[in-house]
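In what follows, every chain begins at residue 1, and chains take the letters A, B, ... in the order their sequences are listed. Note that this is a predicted model, so its numbers are computed, not measured.
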Amino acid sequence: MTTQRSSPSFAPPMSSEQRKAFPFSEFEPKWQDVWEAKKAFRTPNPGDADFDASKPKYFVLDMFPYPSGAGLHVGHPEGYTATDIIGRFKKMSGFNVLHPMGWDAFGLPAEQYAIKTGQHPRATTEKNIEGFRGQLKRLGFAYDWDREVNTTDPGYFKWTQWIFLKLYNSYVNEEGKARPITELEGKGLSREEIDSRRLAFVSSAPVNWCQELGTVLANEEVVDGKSEVGGFPVERRPMRQWMLRITSFAQRLIDELDGLDWPESIKLLQRNWIGRSEGAHVMFQIVGHESDVTVFTTRPDTLFGATYMVFAPEHALVDQITTPEHAAAVEAYRKVVGSKSDLERTELAKEKSGVFTGAFAINPVNGEQIPIWIADYVLMGYGTGAIMAVPGHDARDFEFSQKFELPVKQVVQPPEGKEWQGFTDNGTAINSGFLDGLTTPEAKAKIAAWLEEKGLGKGTTNFKLRDWLFSRQRYWGEPFPIVWEDGNHRSIPESELPLLPPTLEDFRPTGTPEPPLSKATDWVRYSDTAKRELNTMPQWAGSCWYYLRYCDAQNSERFVSEEAEKYWMGGGKPGGVDLYVGGTEHAVLHLLYARFWHKVLFDLGYVSTPEPFQRLVNQGLIMGEDGQKMSKSRGNVVNPDDVVKEYGADSLRLYEMFMGPLEQVKPWSMKGVEGVYRFLARVWRLVMEVSEEGVWSPSPALQDVPANKQVTKALHETIKKCGEDIEKLSFNTAISQMMICTKTFTAEEVMPVSAIVTFLKVLSPFAPHIADDLNAHIATQFPALAVEGLLSDATWPKYDPAALIEDEVEIVFQVNGKLRDKTRVPLQATKEEIEKIALASARVQEFMEGKTPKKIIVVPGKLVNIVV
RNA sequence: GCCGCUGUGGUGAAAUGGUAAACACAGCAGACUUAAAAUCUGCUGGGAGGUAACUCCCUUGCCGGUUCGAGUCCGGCCAGCGGCACCA
């Protein structure tokens, strides 16, 4: 804020209200109260008395926030304002608009905040939600607060647990569709066989354990070997954990991205994360052993070039095949690898390491005996945990072969002029027997057929995606609706939902893999013989389906009524939500998990579309004024509350939309806020004037007269451009058009009331408080011309194309593509007439230098280009 | 290393293949004011020539191509940002 300069004593000290260019701090809270009291943005559901079935639906969704103790930051209102403008615009354009808000309140951040402040997470969560709700209301967002959801509310997580039971009680059939597990029962399958096919299953594979957080984490939550939350080290440990079988949906999660209006970059991120690769399984005999080993390769065409094999150190066969003289070295190597954390393992990845097992395998294609090594560059979790090494045509194998002096063989001829060693692209097969002379794709097909015929392998597809580790050793999450008895798990009846967590005084992590719920001994005991599952669900569980709950947030009988789901999520597109706006940080987390759950619910017949979100837009990060990421330690954090206090909610909303394209990363500028604030003040003064005493009243310039030509034209251009720009989410250019329009209005001595009211309708989605307030002031003088009631209930104005047309247009004359002259011609001028005028121009003739034109291009209404 | 996105004034940016820099910020000058703040008006990419009005040349990261015409389309390179990263 501008500092108070030393002013001479006779100037009366200005109150902060008088210093403001318009009294936003009076009218903004006033209108927020009016909207709330009137439930101005309540959206009726099908079946409600005031529901209008003739209107189309529009479901516009924000990524709901974690109510952290820090409150909103300026990044939140960016996406929220964008959806608010769209929602208000669609409502004015005759849609039934669903625009809700809620709280993603379970999970690590909420629990850590509670531990830090020494309070119960329930209490801190409620307080934080209170704070967030208040902040959002002060920004004037048009939410239907009757649909507010809170993932930690038992009425909500009852259904999160219910969906978990659907996952637990389903499997994926031969067609890749989720089906009830009851279909498998009665087929004579054992309990173990059935359990091994559930979509929610228990696994003892190595998982990501984070000691500092006292919990395991999903692969998606581990970044560079550290926890995404807090950045603590993560190690691999075998633990018994709940997993969700997302891998069964890998192909569909790739394929069904195609029909979605998502940024290509996000689709790509998901495709890469799922990581499909096509190749083949090849079986190798081990010399002197019964057992054989299968490898996965994307280059079966290079089989003749396989000169050794490598197993992951953890591979189950290693113990069997290692010869006595190599046992000590192998054991020592495995120990070293096992003690390394993921972080160390990747840090040390530069240098290849490994040891020879003493065993040999037989290359099925030429009978050669090739040595079997173990090395940590082969991962147990991908493919089969064993590879055939083709050092001639794979960078990693080549590096390994150089370090351990293993033979390198050429089997692919690269195109002219390229070195064959380390050549990994497509070429022609050589030194490869029956493959010689074939291109790489041909050779791949032929060897795959050959392997299949001999029973030695076949074409296969592999995915990088792993199953989703779904349990956490934390207190603040949904308890699993599962009990254990005699070493077996089973679901509790749906009638026992919601399963509430126990009330615990001490809910901190135990520091061991033993979950904190183990401390609640009474709660743990389900019956004399059965105990409850002690793990809780991860943060993502609640956010996997919250958009569905919004459709019918109060329903206590069902997670969402069929009718509400069909109406809001239906519409003939693959995805149900019409527009979803949020940050890019959830590209492979929430956005992948939610798609997975949605597909399961779709297969089971609970939802109408295969995809949840039709159109996705990522808002760009807002940086500090210094161009750096906002952070407390840099001291460049902007608090939205301060901006609202100083310039008002409308200014904050407008500035965040005016900064630049929504999807772009852009730096904050307080000066920029002042710019839009000045614009709003100019709009205010179009309607209002201030007395000597500082009292505002409607300006006498306001008159019930028809708008002249300039005003009409400016107004209709603004209606047109703003409408089009809102659809495109180009809010910055819409606002600049309103600024231009305001400038035209300001130049007029008399302000036609009808024009200003129409302008306020266009402004209202962007700056709803000032628009409603000015409309109300106009209504005191011109009740017949102002909008009755709220602008959000008004109809978006239609522009008149006739008002946009000018009598004359400016035509540019170019000679050889260079601008030489311009003139105004009547709109109706024909091509021939325009050409004639151009050729007659003295400037044009000067630059033609008397030459005859080779070609003349005439673009009516635009330009003439004369080529000489 | 691989994949993707982005490069336009002092700054945020705008531009259906058709006048590059709209709108805004900052800056400068002026009006109002005893003065300041606020407000209003004008100027503001670079270079050259002219007392001047004005005129010419150059300019969208770099190089090339397509086109009557390229910030925009195509190819190559460079830089910044983001993602993945021993995935066989």
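- Counting only heavy atoms from C-beta on, I740(A) has its side chain closest to rA22(B) among rA88(B), rA22(B), rA26(B).
- The side chain of Q664(A) places an N or O atom within less than 4.0 Å of a non-bridging phosphate oxygen (OP1 or OP2) of rA13(B).
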Please tabulate, one pair per line, each protein N/O and nucleotide N/O from nucleotides 66-75 of chain B that are separated by under 3.5 Å, including the distance.
residue: rC68(B); atom: OP1; partner: K855(A); partner atom: NZ; Å: 3.3
residue: rC68(B); atom: O2'; partner: N865(A); partner atom: ND2; Å: 3.3
residue: rC68(B); atom: O2; partner: N865(A); partner atom: ND2; Å: 2.6

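- Taking only side-chain atoms of L268(A), from C-beta outward, the nucleotide of rG4(B), rA88(B), rC25(B) with the closest atom is rG4(B).
- For the pair E717(A) CD and rC23(B) C1', the computed distance is 14 Å after rounding to whole Å.
- At a threshold of 4.0 Å, the pair E717(A)-K720(A) does not count as salt-bridged, since none of the basic side-chain nitrogens sits closer than that to a carboxylate oxygen.
- A donor-acceptor contact under 3.5 Å links the side chain of E810(A) to the base of rU19(B).
- Taking only distance into account, the side chain of K352(A) meets the base of rC86(B) through a donor-acceptor pair shorter than 3.5 Å.
- Using a 4.0 Å heavy-atom distance criterion, T298(A) is classed as a sugar-phosphate-only contact.
- Both key distances under 3.5 Å define a Watson-Crick or G-U pair, and stretches of 3 or more such consecutive pairs in RNA chain B run B:1-7 with B:78-84, B:10-12 with B:23-25, B:27-31 with B:39-43, B:45-49 with B:54-58, B:61-65 with B:73-77.
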Would you tabulate the pairs of protein nitrogen or oxygen atoms and nucleotide nitrogen or oxygen atoms of nucleotides 55-57 of chain B closer than 3.5 angstrom?
residue: rC56(B); atom: OP1; partner: R843(A); partner atom: NH1; Å: 2.9
residue: rC56(B); atom: OP1; partner: R843(A); partner atom: NH2; Å: 2.3
residue: rC57(B); atom: OP1; partner: R820(A); partner atom: NH1; Å: 3.4
residue: rC57(B); atom: OP1; partner: R820(A); partner atom: NH2; Å: 3.2
residue: rC57(B); atom: OP2; partner: R820(A); partner atom: NH1; Å: 3.3

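- Within the 4.0 angstrom heavy-atom criterion, no nucleotide atom of any strand lies near K267(A).
- Remark: R824(A) does not engage E810(A) in a salt bridge, criterion side-chain N to carboxylate O under 4.0 Å.
- Nearest nucleotide to the side chain of K666(A), out of rG12(B), rA85(B), rA88(B): rG12(B).
- Ion pair R820(A)/E846(A) not flagged as a salt bridge, since none of the NZ, NE, NH1 or NH2 atoms sits closer than 4.0 Å to an Asp/Glu carboxylate oxygen.
- Across all strands, F463(A) comes closer than 4.0 Å to no nucleic acid atom at all (heavy-atom distances).
- The side chain of Y382(A) contributes an N or O atom lying less than 4.0 Å from OP1 or OP2 of rA88(B).
- Rounded to an integer number of Å, the gap from E656(A) CD to rA13(B) P is 14 Å.
- Here Q814(A) contributes atom CD and F847(A) contributes atom CZ; the two are 13.0 Å apart, rounded to the nearest 0.5 Å.
- Among the atoms of the strands shown, only primed sugar atoms or phosphate atoms (P, OP1, OP2) are found under 4.0 Å from some heavy atom of N732(A).
- Q628(A) and M623(A) make their closest contact through O-CB, 3.5 Å (heavy atoms, listed as atom of the first residue, atom of the second, distance).
- Note on P661(A): only backbone sugar-phosphate atoms sit closer than 4.0 angstrom, heavy atoms only; bases stay farther off.
- Between the CG atom of D725(A) and the C1' atom of rU16(B) there is a distance of 13 Å, rounded to whole Å.
- With hydrogens and angles ignored, the 3.5 Å screen pairs no side-chain donor or acceptor of D821(A) with any backbone N or O of R843(A).
- Residue R271(A) is out of contact with every strand shown, counting any heavy-atom pair closer than 4.0 Å.
- What separates CH2 of W273(A) from C1' of rC84(B) is a distance of 8 Å, to the nearest Å.
- Side-chain rings of Y655(A) and W668(A) approach one another, their centers coming within less than 6.0 Å.
- The only member of W696(A), Y677(A), F679(A) that meets ring-ring contact (aromatic ring centres under 6.0 Å, His included) when paired with F22(A) is Y677(A).
- A salt bridge between R466(A) and E220(A) is absent, with no side-chain N of the basic residue lying under 4.0 Å from a carboxylate O of the acidic one.
- Classified by its glycosidic torsion, rG9(B) falls in the syn category, the angle being within 90° of 0.
- Between W373(A) and F404(A), the ring planes are tilted. Angles from 30° to 60° get that label.
- In this entry the distance linking CG of D394(A) with C1' of rC86(B) reads 9 Å, nearest Å.
- Distances shorter than 4.0 Å separate some side-chain N or O of S277(A) from OP1 or OP2 on rA88(B).
- Although no hydrogens or angles enter the test, the distance criterion places a donor-acceptor pair under 3.5 Å between the side chain of N618(A) and the main chain of G583(A).
- Counting non-hydrogen atoms under 4.0 angstrom, K822(A) reaches a base of the nucleic acid.
- Among the heavy atoms of the strands lying under 4.0 Å from L863(A) is at least one base atom, whether or not backbone atoms are also near.
- Ring geometry for H590(A) against H586(A) counts as perpendicular: the plane angle is over 60°, on a 0 to 90° scale with 30° as the lower cut.
- Salt-bridge formation is not detected for the pair E278(A)/K444(A): no Lys NZ or Arg NE/NH1/NH2 atom is positioned less than 4.0 Å from an Asp or Glu carboxylate oxygen.
- For the pair E264(A) CD and rC5(B) P, the computed distance is 9 Å after rounding to whole Å.
- Within the structure, every side-chain polar atom (N or O) of K464(A) is placed at least 4.0 Å from both OP1 and OP2 of rC2(B).
- The phosphate of rC40(B) has OP1 or OP2 within less than 4.0 Å of a side-chain N or O from R682(A).
- The separation between Q737(A) atom CD and rA22(B) atom P is 14 Å, rounded to whole Å.
- Using a 4.0 Å heavy-atom distance criterion, G675(A) is classed as a sugar-phosphate-only contact.
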